[in-house]
Each structure stands twice: as structure tokens, then as C-alpha cells.
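Numbered from 1 within each chain, the chains take letters A, B, ... in sequence-line order.
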Amino acid sequence: MLTLTYLRERRESVISALAKRGLDATESVDRVLALDVERRVIQKELDDTLAESNTLSRQIGGLMREGKREEAEAVKTATSGLKTRSGELKEKMSALENEVHDLLSHLPNTPNDLVVAGNSDKDNELIESWGELPDLGNHKKPHWDIAKEKDLIDFDLGAKVTGAGFPFYKGKGAKLQRGLIRMFLDKADEAGYTEYIPPLMINEDSGFGTGQLPDKEGQMYHMKVDDLYMIPTAEVPLTNIYRNTLLNASDLPIKLCGYTPCFRREAGSYGKDVRGLNRLHQFDKVEIVQIQHPDKSAETLESMVDHVKGLLEELELPYRVLRLCAGDMGFTAAITYDFEVWSAAQEMWLEVSSVSGFETFQANRLKCRFKDAEGKNQLVHTLNGSALALPRIVAALLENHQDADGVKIPQALVPYLGFDRI
RNA sequence: GGAGGUGUGGCAGAGUGGUCGAAUGCACCGGUCUUGAAAACCGACGUACCGCAAGGUACCGGGGGUUCGAAUCCCUCCACCUCCGCCA
């Protein structure tokens with residue numbers, strides 16, 4: 001959520017930054033600013049009314065102590081008008097505050113200066129490519145065929161027990177999942193991230209904190225009986241650890257990681273996008289999160305991007321890095337680098353990681369601040385990235401490393417599996 | 001799930017209707033003293049909003065209520081503790 005102060009001071013630049021997303025925010029922004037002016041007028045009046053009322057109350061207290069009951073009663077009657085007045089003003093205040101909050105919480109983050117304008121993935125910038133696209137010759141099976149032949153993943157069984165998009169992993173397929181998770185966690189650990197095993201359900205406040213609510217309400221599974229949401233990513237519980245906290249500058253950076261299953265309703269998806277492992281309702285992911293000093297957030301983003309590159313290179317998967325254009329970024333992001341790996345049989349790029357900087361957007365929702373060098377409280381910057389999401393990695397591993405009679409496991413992964421071929 | 005209890009500033013802990021945003025101790029920060037440190041002493045020491053400022057307002061788990069006035073009384077929700085029940 002953008003801060004009111006920022007909006008007040010930088011009206012033009014907020015509007016032009018949001019225009020890069022293809023959003024004309026002029027009306028909302030001006031409405032917020034107008035309501036804010038109104039709010040301050042009301043607040044002044046309310047504060048004055050309450051101040052007067054407090055003064056009279058103290059007088060009554062004094063008179064009561066001195067036993068001057070009648071005088072006290074007289075002052076009491078004088079306060080009744082103030083009371084109704086402050087009641088009205090309070091109501092107006094909270095109505096104004098609610099409307100401002102509502103408008104603000106529906107405005108997406110302003111894109112970073114590095115981010116280009118654009119409406120769709122066509123406008124994303126290719127930043128870097130790594131690895132050679134494999135020539136599979138006549139062994140070119142899509143991963144769902146390999147998974148079936150080798151009995152690694154059972155989609156039908158998942159559909160029977162739960163529904164489409166909830167596969168079972170079996171035998172070497174299950175071991176592959178476990179091995180990848182361990183490898184990713186070990187790498188995060190080596191890079192200084194503290195591992196957490198977070199809750200898989202979160203409450204409404206947490207959903208708001210990282211920006212899933214109210215914007216992406218329909219994307220999460222909602223347990224209505226207990227009013228809890230299944231996490232769509234470990235980002236939510238991990239980042240919300242620091243909701244409503246005041247940190248010291250020396251606490252920064254805070255580096256967290258965690259493996260969790262992730263749950264997404266993916267309403268409206270269809271066709272080849274959801275074939276096999278391409279898009280699931282439940283999938284496994286290792287997430288890295290950093291809470292950082294604003295001055296260091298750019299270099300931190302770089303380091304997180306480098307971390308993900310390292311993982312993909314160890315897995316010997318050709319990838320490319322895209323800097324998303326403003327219109328393709330998520331609601332909360334100021335800047336996002338997407339990683340895509342080549343799926344050699346499907347002959348398409350699959351998104352396997354998204355590394356984002358949120359600047360103060362989440363921090364403002366979370367109320368996560370730190371005491372800066374001057375002792376003033378300042379919002380932190382939050383960043384996160386997938387390192388990595390499993391299903392599409394598995395898809396690419398199976399497809400890219402296949403040969404005549406199976407799949408070769410990349411060297412770096414062998415110690416985690418105990419076998420080098422599937 | 002049932003019964004009872006607790007929830008105050010970074011921590012500990014007073015305060016049970018009226019100058020209480022809140023005693024006191026510890027911690028932290030600044031200073032005096034010291035070659036340096038410790039001790040001792042002095043001072044500062046929550047957050048948010050409004051205001052150029054002086055200052056004002058709100059906040060004692062969250063929300064609501066009673067009252068001229070609430071940390072203090074009432075309702076409700078949440079968290080934690082104890083006992084009972086159930087259970088991986």
C-alpha cells in the first residue's frame with residue numbers, strides 16, 4: 001500500500017508511475033487527496049472538541065473532590081453538547097479514514113524506474129539467457145508421458161482422491177521432489193537464509209499484510225468455517241512474521257527461507273497451460289525472503305537473482321531472465337525478475353521463479369519499520385523470490401535430460417537422490 | 001469441547017472510576033567522574049495522527065458499551081495459563 005504522505009508529496013509521479021501499468025489512477029489519487037484534506041479538517045475540529053471536553057471533565061473531578069456537587073452538576077450539563085458533537089465527528093472521521101484506506105489498498109504498487117511501461121508479457125524485457133537449448137532428436141517426450149512410463153506421477157489418482165491439479169508423486173518421482181526441496185533448502189542455508197517451517201494456513205490480517213487480500217481473494221482457498229486461507233506461497237507466513245514490528249537498523253537484513261506446499265485455485269486457467277505439471281492447485285516451493293534497509297534493497301534484489309541463477313545452473317537447465325514490464329507485474333511488486341526454463345519437449349518457456357522487490361508497499365501494510373540512524377522510524381523494504389518452485393523444474397528436468405531409455409539426473413542433484421538415472 | 005484464571009511501556013511490575021500516557025526496578029541511550037572500564041550520580045527514554053510552532057488528540061490484548069470522566073465497570077472476540085474431556 002502506498003503511503004498517504006508519499007501520495008501527498010508526489011502526486012504527479014505516482015500517477016505517471018501507475019500509468020506505466022496501463023492504469024489511470026488520477027481519479028482515485030485525487031479522491032484520496034481530497035478525502036485526506038477533509039479528514040484533517042474534521043480531525044482538528046474533533047481534537048478541539050475532545051480537548052474542551054477533557055478540560056471540563058477535569059474540572060468536574062476537581063469540584064467533586066472539593067465537595068461542590070452542585071457546581072459539578074452545572075458543568076456536566078455543559079458537556080452534553082460536546083459529547084454529541086464529538087460523536088458525530090468521530091463517525092465522520094472513521095468514515096473518511098475507511099474510504100481512504102479502501103481506495104489506497106486497491107491501488108497497486110508504483111513500478112520502479114527500471115521497469116518499462118507495458119500491458120502484457122510481450123513487453124517484458126529479456127535481460128539474460130543461459131545454456132544451450134538441447135537437441136533431443138527423436139527422444140522428445142513431454143514430461144507427462146515420461147512421468148507415466150516411469151510411474152513417477154499419477155495425475156488420475158490425484159483427480160480421483162481430490163481433483164484435477166492435485167497429483168500424487170510416487171517412488172522416484174516422490175524422491176525427486178524430496179531431493180530438490182533438500183537441495184534448495186541447503187543452498188538457501190549456505191546463502192545465509194534462516195529456515196522456517198511456517199503454518200500452511202493464514203488469517204485475514206496476514207493476507208492483507210503481504211497484499212493477497214483484498215486484491216486476490218479469489219485465488220486462495222478459503223476455509224470459511226474458521227476464516228483461514230491456505231497459503232498461496234510461503235511468502236505470506238514468512239513475511240508476516242514481521243507484521244507490526246519495530247526493528248533496529250542493526251537487525252537488517254533479515255533473511256528467511258522456507259519450504260511449503262502452495263495452494264492456488266487458479267480459477268479461469270485452461271488448455272495446454274494446465275497440462276501435466278504446468279499448472280497445479282497444490283505444488284511445492286522453497287521461498288526466500290529478505291527484509292532490508294531501503295538503501296540496500298537494489299543490491300539485495302541482485303543477490304537474490306544471482307542465487308536463483310546458481311540453482312538453475314546446477315540443475316543444468318537452460319533459462320532466461322526477464323524483467324517484467326509494469327503491466328505484467330503483480331499488484332504488490334515494484335520490480336520483478338521472472339526466470340523461465342526451457343521445456344524441451346513442449347518447446348516452450350516455463351516460469352519457475354519470480355524474484356520481486358516490493359519497496360515499502362508491503363511494509364506499509366505490515367507496519368514493519370526500523371529505527372534509522374537518526375532514530376526515526378522508517379518503513380523497511382521487503383523482497384522475495386521462489387528458489388525454486390518444483391513442478392516446472394521437474395517437468396524441465398525430465399524433458400531436457402531425457403535420452404533413449406530414461407532421464408539422466410544432473411550431477412549436483414545425485415547426492416540428494418541416491419540414483420543418477422530414472 | 002467444558003470450567004476457572006490472566007493479558008499494562010524493551011523486560012519485570014504497581015495502579016481497580018477523576019491532574020494516569022501511566023509509579024518503581026532493570027535494560028538501552030547521552031553526560032559527570034575515571035588513563036580506560038565498572039560502580040555511583042545526573043539526564044533522556046513508547047507509537048500514530050493533526051499543527052509552522054506552542055501544543056492538541058488517540059492508544060494499558062482487539063472491538064463495542066456505561067459515564068461528565070475508563071488501564072480501572074459491563075459485553076464480545078482473540079491469545080496465553082490451570083483443571084477436566086477427547087486425540088496424532
Side-chain angles (χ1 to χ4, degrees), chain A residues 1-9 32-105 197-209 213 223-229 237 240-252 254 261 291 360 363-380:
Chain A
M1 187 159 75
L2 301 171
T3 66
L4 202 55
T5 330
Y6 187 73
L7 215 59
R8 255 189 240 155
E9 290 165 1
V32 168
L33 293 175
L35 289 167
D36 180 48
V37 169
E38 203 181 328
R39 192 201 100 243
R40 281 138 84 191
V41 172
I42 301 282
Q43 178 168 356
K44 180 83 180 93
E45 198 180 340
L46 174 60
D47 284 357
D48 290 347
T49 309
L50 288 174
E52 201 177 334
S53 178
N54 286 343
T55 311
L56 292 180
S57 286
R58 272 190 286 269
Q59 267 177 35
I60 293 169
L63 292 168
M64 294 293 250
R65 250 187 323 256
E66 292 163 32
K68 299 174 179 170
R69 279 199 67 111
E70 279 175 30
E71 285 179 50
E73 288 302 324
V75 181
K76 265 193 205 182
T77 53
T79 60
S80 71
L82 293 173
K83 206 191 174 190
T84 47
R85 183 71 189 133
S86 66
E88 290 163 11
L89 290 166
K90 268 182 201 166
E91 234 168 86
K92 259 194 218 176
M93 265 282 280
S94 67
L96 287 166
E97 279 170 349
N98 288 343
E99 196 177 346
V100 167
H101 183 83
D102 197 50
L103 284 164
L104 277 179
S105 65
I197 301 179
L200 303 182
M201 296 189 199
I202 47 115
N203 59 29
E204 191 183 343
D205 285 347
S206 295
F208 181 82
L213 296 175
M223 311 286 137
K224 291 203 173 61
V225 189
D226 296 298
D227 199 17
L228 296 171
Y229 296 85
N240 271 283
I241 292 171
Y242 291 93
R243 175 152 50 81
N244 289 329
T245 50
L246 182 54
L247 301 161
N248 293 311
S250 58
D251 296 331
L252 304 174
I254 290 165
I291 315 273
T360 60
N364 188 34
R365 291 175 158 242
L366 294 159
K367 297 287 168 266
C368 178
R369 295 156 304 162
F370 73 101
K371 270 203 189 305
D372 67 17
E374 283 97 60
K376 290 189 62 174
N377 296 338
Q378 230 190 100
L379 292 169
V380 298

- [ ] For A:Asp372 and B:U47, give me the distance from atom CG to atom P, rounded to whole Å.
- [x] 12 Å
- [ ] Report, as yes or no, whether the 6.0 Å neighbourhood of atom CD on A:Glu91 holds more than 12 heavy atoms from other residues, nucleotides or ligands.
- [x] no
Task: Given RNA chain B, 5'-ward residue of the pair A:Arg8 and A:Lys83, judged by closest heavy atom - done: A:Arg8
Task: Euclidean distance for C1', B:U35 against B:G13 (whole angstrom) - done: 40 Å
Task: Touch class at under 4.0 angstrom, heavy-atom based, for A:Ile60 against every strand present - done: base
TODO: For nucleotides B:C68 and B:C42, find the distance between their P atoms and express it as a whole number of Å.
DONE: 45 Å
Task: For atom CG of A:Asp47 and atom C1' of B:A58, their distance in whole Å - done: 8 Å
Open item on the list: Categorize A:Lys90 for me: base, sugar-phosphate, or nothing, with a 4.0 angstrom heavy-atom threshold over every strand shown.
Closed with: nothing
Task: Touch class at under 4.0 angstrom, heavy-atom based, for A:Ser57 against every strand present - done: base
- [ ] Send over the distance from A:Lys376 NZ to B:A48 C1', rounded to a whole Å.
- [x] 13 Å
TODO: Report the distance from atom CG of A:Asn248 to atom C1' of B:A27, rounded to the nearest whole Å.
DONE: 13 Å
Task: Point-to-point distance, once rounded to the nearest 0.5 Å, from CZ of A:Phe370 to CG of A:Asn248 - done: 10.5 Å
TODO: Determine the interatomic distance between P on B:A58 and the same-named atom on B:C77; round to the nearest Å.
DONE: 28 Å
Open item on the list: Using atom P in both nucleotides, what's the gap between B:U16 and B:G4 to the nearest angstrom?
Closed with: 25 Å
Open item on the list: Please compare A:Thr79 and A:Lys371 by the position of their nearest nucleotide in RNA chain B and report the one closer to 5'.
Closed with: A:Lys371
- [ ] Rounded to whole angstrom, note down the P distance from B:U66 over to B:C75.
- [x] 15 Å
Task: Under 3.5 Å: donor-acceptor pair, side chain of A:Ser206, backbone of A:Ile202 - done: no
Open item on the list: Just to be sure I understand the rule, does A:Asp48 reach a base, reach only the sugar-phosphate, or reach nothing, if contact means heavy atoms closer than 4.0 Å?
Closed with: nothing
Open item on the list: Donor-acceptor pair, distance only, cut-off 3.5 Å: does the side chain of A:Arg365 make one with the backbone of A:Phe208?
Closed with: yes
Task: Listed nucleotide nearest any side-chain atom of A:Ala51, set B:C50, B:G56, B:A58 - done: B:G56
Task: N/O (side chain, A:Asn203) to phosphate O (OP1/OP2, B:C78) under 4.0 Å - done: no
Task: Side chain of A:Arg40 - closest among B:U47, B:C50, B:G69 - done: B:C50
Task: Side chain of A:Gln43 (C-beta onward), nearest among B:U47, B:C49, B:U57 - done: B:C49
- [ ] Using atom CD of A:Glu73 as one end and atom P of B:C68 as the other, report the distance to the nearest whole Å.
- [x] 9 Å
Open item on the list: Determine whether a donor-acceptor pair (N or O, by modelled atom type, separation under 3.5 Å) exists between the side chain of A:Asn98 and the backbone of A:Ser94.
Closed with: yes
- [ ] Mark yes or no for whether A:Asp372, through its side chain, and A:Gln378, through its backbone, hold a donor-acceptor pair below 3.5 Å.
- [x] no
Task: Reported NZ-to-CG distance for the pair A:Lys367 and A:Asp205, which is rounded to 0.5 angstrom - done: 12.0 Å
Task: OP1 or OP2 of B:G69 under 4.0 Å from side-chain N/O of A:Asn54 - done: no
- [ ] Determine the Euclidean distance between corresponding P atoms of B:C81 and B:C60; express it in Å to zero decimal places.
- [x] 24 Å
Task: Nucleotide B:G69, atom P - distance to CG of A:Leu82 in whole Å - done: 10 Å
Task: Side-chain ion pair, A:Lys44 and A:Asp47, N-O less than 4.0 Å - done: no
Task: Rounded interatomic separation in angstrom, taking CG from A:Leu50 and P from B:C50 - done: 16 Å
- [ ] Rounded to whole angstrom, note down the P distance from B:G30 over to B:G51.
- [x] 34 Å
- [ ] Sticking with atom C1', work out how far B:U72 lies from B:A14, rounded to a whole angstrom.
- [x] 13 Å
- [ ] For RNA chain B, write out the stems as range with range, using runs of 3 or more consecutive Watson-Crick or G-U pairs with both distances under 3.5 Å.
- [x] B:1-7 with B:78-84, B:10-12 with B:24-26, B:29-32 with B:40-43, B:46-50 with B:55-59, B:61-65 with B:73-77
Task: Distance in angstrom units between A:Asn98 CG and B:G63 C1', rounded - done: 13 Å
Task: Lys/Arg-Asp/Glu bridge criterion (N-O < 4.0 Å) met for A:Glu38, A:Lys92 - done: no
Task: Short side-chain N/O contact to B:U47 OP1/OP2 from A:Arg369, under 4.0 Å - done: no
